[in-house]
Amino acid sequence: METREKILEVAMEHFTRLGVRYVTMDDIARAAGMSKKTIYQEFKDKEQLVFNTFENSMRQDQEFFTKLSEESNGALEHFVEISKYIRSRFSNINPLVFSEIQRYYPKCWQLFEHYKHNCAIKTITETIDQGKAEGYFRKEIDSNIMAMIRLEQISSTFDPAKFPPAKFNIIEVQMAIMDHFIHGLLTDKGRELFYKINNQD
DNA sequence: TACCGT
DNA sequence: AACGGT
């Protein structure tokens with residue numbers, strides 16, 4: 001594997017599991033089996049490593065979502081698949097990582113914000129529109145407003161002031177909100193399919 | 001790996 | 001004292 005990719009992979013695993021500030025450059029060098037010098041040849045400083053690590057991971061997520069929407073059999077299945085992905089993806093993430101990045105790595109946080117406003121809202125809006133056309137989602141709802149609400153819901157689960165990790169399991173909160181959100185969109189026909197999808201596995 | 005500055 | 005950076 002390429003040196004740079006190896007570093008990004010090790011860094012992502014460490015940052016998400018233990019927290020960005022807790023993990024030192026020495027830790028990453030040791031885990032990647034290389035010297036710090038090698039890391040600093042690829043990345044200017046820790047801030048850049050953090051930025052590139054999350055940038056890389058978001059790119060991978062984006063690729064996954066694109067593939068998912070190409071393969072999906074409709075908007076509702078798509079939402080359910082995304083829900084599964086989120087569950088697996090976030091089960092290993094220390095929920096404190098996001099507030100940590102917001103506070104100490106503002107450039108990296110801006111990357112998240114940029115993604116939210118330029119990609120995520122568009123993708124969710126399109127999926128809701130598709131579900132309407134398929135007759136699974138209510139036509140009277142405003143797709144764009146619901147997409148924005150959905151993003152705010154997801155963001156809120158990572159805010160320790162709203163859902164303290166000591167009291168709440170983030171994955172459970174995510175799943176509860178997702179279920180509630182989808183029910184708000186569904187037509188009778190959609191609800192029928194939704195129950196069918198949920199009971200098949 | 002040892003070391004320095006913060 | 002610990003950690004980023006050389």
Side-chain angles (χ1 to χ4, degrees), chain A residues 1-68 82-124 148 150-175 177-178:
Chain A
M1 189 190 289
E2 203 82 25
T3 305
R4 188 182 171 85
E5 291 170 32
K6 175 74 180 169
I7 298 168
L8 289 173
E9 189 190 69
V10 169
M12 187 59 193
E13 195 279 328
H14 275 61
F15 287 153
T16 52
R17 184 165 48 86
L18 302 164
V20 175
R21 267 158 60 87
Y22 183 82
V23 175
T24 68
M25 296 301 270
D26 280 303
D27 291 333
I28 294 170
R30 207 176 314 116
M34 55 182 75
S35 68
K36 275 202 285 182
K37 174 151 183 155
T38 310
I39 296 179
Y40 280 104
Q41 274 165 0
E42 296 288 336
F43 305 94
K44 184 172 152 285
D45 51 27
K46 187 176 180 182
E47 181 177 333
Q48 192 140 92
L49 175 60
V50 171
F51 186 94
N52 288 321
T53 298
F54 285 93
E55 183 183 47
N56 184 54
S57 144
M58 283 168 62
R59 204 203 64 241
Q60 288 171 0
D61 285 347
Q62 189 55 50
E63 281 167 11
F64 179 85
F65 290 140
T66 305
K67 200 166 133 247
L68 200 64
I82 284 183
S83 165
K84 283 185 196 162
Y85 181 73
I86 288 175
R87 195 167 43 201
S88 67
R89 184 79 170 67
F90 287 82
S91 58
N92 305 314
I93 294 190
N94 183 333
L96 293 172
V97 165
F98 293 97
S99 41
E100 201 179 26
I101 287 174
Q102 182 173 22
R103 187 174 301 170
Y104 300 105
Y105 295 90
K107 292 213 182 92
C108 188
W109 184 254
Q110 274 183 23
L111 186 70
F112 293 159
E113 292 294 312
H114 181 270
Y115 173 79
K116 257 171 39 177
H117 294 111
N118 294 279
C119 309
I121 289 186
K122 207 172 131 208
T123 307
I124 298 171
M148 291 172 70
R150 177 77 192 112
L151 277 177
E152 284 312 306
Q153 290 177 335
I154 295 171
S155 302
S156 75
T157 67
F158 297 117
D159 184 345
K162 295 170 183 159
F163 295 100
K167 277 192 167 177
F168 294 94
N169 177 322
I170 303 293
I171 306 292
E172 268 178 37
V173 176
Q174 288 267 4
M175 292 304 118
I177 293 177
M178 167 71 103

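By convention in this document, chain letters (A, B, ...) are assigned in the order of the sequence lines, proteins followed by strands, and residues within each chain are numbered from 1.
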Seminar exercise, completed: Here the distance between atom C1' of C:dC3 and atom OH of A:Tyr40, to the nearest Å, is 9 Å
For this session: Using atom CG of A:Asp26 as one end and atom P of C:dG4 as the other, report the distance to the nearest whole Å.
Result: 7 Å
For this session: Tell me whether the centres of the aromatic rings in A:Phe51 and A:Phe43 are closer together than 6.0 Å.
Result: no
Exercise. Nearest-Å distance, NZ (A:Lys36) to P (C:dT6)?
Worked result: 10 Å
Exercise. When the distance from CD1 of A:Ile39 to P of C:dC3 is rounded to whole Å, what number comes out?
Worked result: 15 Å
Exercise. Does A:Arg59 come within less than 4.0 Å of A:Glu63, counting only side-chain N to carboxylate O?
Worked result: yes
For this session: Find the distance A:Met25:CE to B:dA2:P and express it as a whole number of Å.
Result: 20 Å
For this session: May I have the distance from A:Asp27 (atom CG) to C:dC3 (atom P), rounded to whole angstrom?
Result: 8 Å
Exercise. Is the backbone of A:Met58 close enough, under 3.5 Å, to the side chain of A:Asp61 for a donor and an acceptor to pair up by distance?
Worked result: no
Exercise. Would a line drawn from the ring center of A:Phe90 to the ring center of A:Phe158 be shorter than 6.0 Å?
Worked result: yes
Exercise. With sugar-phosphate meaning primed atoms plus P, OP1 and OP2, does A:Lys37 contact a base, only sugar-phosphate, or nothing at under 4.0 Å between heavy atoms?
Worked result: nothing
Problem set entry | Atom-to-atom span, CZ of A:Arg21 to P of C:dC3 - whole angstrom | 10 Å
For this session: Can you tell me the distance, in whole Å, between the CD atom of A:Glu47 and the C1' atom of C:dG5?
Result: 14 Å
Exercise. Got a donor-acceptor pair under 3.5 Å from the side chain of A:Lys46 to the base of C:dG5?
Worked result: no
